[in-house]
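Contents: one structure, followed by commentary.
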Amino acid sequence: MEGLNRMIKTANTRGWLKGFDVSRDGAESLEVTHLQYADDTLIFCGAEEEQLKNLRVILVLFEGVSGLHINWRKSFMYPINEVNNMSYIASILGAVVGTLPTTYLGMPLGAKSKPIEIWNGVIEKCEKKLA
């Protein structure tokens with residue numbers, strides 16, 4: 001997984017993949033391209049054909065080098081805002097188009113974080129583990 005991490009970072013440095021910028025009150029911004037947890041990876045990039053083709057190459061090379069295999073049927077793309085040609089873009093990766101909000105590793109993803117109700121499932125799981 002460290003190899004995949006480095007491949008994505010290199011692609012970002014060379015401008016092949018662009019993540020999203022996170023900034024705090026005018027402070028320096030941070031570009032997030034991916035998040036990894038164990039054998040799960042979230043990758044953030046633009047909904048542009050060129051970026052997705054680059055990502056596909058990275059993932060295929062990762063499979064070949066590592067001997068690990070990506071389960072493309074369990075791979076989802078979640079469009080943010082309006083994305084034209086979503087089914088074509090998803091076909092580049094062979095991914096399923098998902099909708100937000102969803103749950104990822106038991107955490108709400110893409111939901112408005114203000115309402116406390118979205119955290120009920122997480123709180124219940126934590127309480128059970130602590131009991």
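FYI, side chains are in, hydrogens and waters are out, and symmetry mates aren't considered; it's all heavy atoms of this structure. Heads up: numbering here begins at 1 and tracks the sequence.
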Do [X] and [Y] share a hydrophobic cluster, counting only Ile, Leu, Val, Met, Phe, Trp and Tyr and linking them when any side-chain heavy atoms are less than 4.5 Å apart?
| X | Y | answer |
| --- | --- | --- |
| V60 | L93 | no |
| M1 | V65 | no |
| I80 | F76 | yes |
| V97 | L100 | no |
| F44 | L4 | no |

Closest non-hydrogen atom pair between [X] and [Y], with its separation:
| X | Y | answer |
| --- | --- | --- |
| P79 | G98 | CD-O, 3.5 Å |
| W16 | Q51 | O-CG, 3.6 Å |
| C45 | L55 | SG-CD2, 4.3 Å |

Open item on the list: Using 0.5 Å steps for rounding, measure from the CD1 atom of I92 to the CD atom of E48.
Closed with: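 Spacing of CD1 (I92) from CD (E48) equals 10.5 Å.
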Open item on the list: For the CG atom of L130 and the NZ atom of K128, what is their distance to the nearest 0.5 Å?
Closed with: 12.5 Å
Task: Derivation of the salt bridge (Lys or Arg N to Asp or Glu O under 4.0 Å) call for E2 and R6 - done: CA-CA 6 Å; E2 180 59 27; R6 289 180 185 263; 3.2 Å; yes
Task: side-chain contact (heavy atoms from CB on, under 4.5 Å) between L17 and I8, intermediate numbers included - done: CA-CA 8 Å; L17 285 179; I8 293 171; 4.3 Å; yes
- [ ] Could you give me the CA-CA distance, side-chain angles and deciding distance for L35 and T41, then say whether side-chain contact (heavy atoms from CB on, under 4.5 Å) is met?
- [x] CA-CA 6 Å; L35 300 171; T41 303; over 6 Å; no
Kindly indicate whether the side chain of [X], heavy atoms from C-beta on, has any atom under 4.5 Å from the side chain of [Y].
| X | Y | result |
| --- | --- | --- |
| T10 | I58 | no |
| T99 | Y78 | no |
| L52 | M77 | yes |

- [ ] Might you confirm whether atom CD of Q36 has over 12 heavy atoms from other residues, nucleotides or ligands at distances under 6.0 Å?
- [x]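 More than 12 heavy atoms, drawn from other residues, nucleotides or ligands, come within 6.0 Å of this atom.
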- [ ] Tell me, please, which residues at least two apart from N12 pass side chain to side chain donor-acceptor pair (under 3.5 Å).
- [x]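 Listed in chain order: E31.
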Open item on the list: Using the rule given for side-chain contact (heavy atoms from CB on, under 4.5 Å), can you reason through F62 versus L68, listing the C-alpha separation, both sets of side-chain angles and the distance that settles it, and then say yes or no?
Closed with: CA-CA 8 Å; F62 170 73; L68 299 173; 3.8 Å; yes
Task: side-chain hydrogen bond (donor to acceptor under 3.5 Å, both in side chains) partners of residues 52-77, not counting sequence neighbours, each pair once - done: E49-K53
- [ ] Check the pair K9 / H34 against side-chain contact (heavy atoms from CB on, under 4.5 Å), numbers first and verdict last.
- [x] CA-CA 9 Å; K9 283 182 177 183; H34 61 293; 4.0 Å; yes
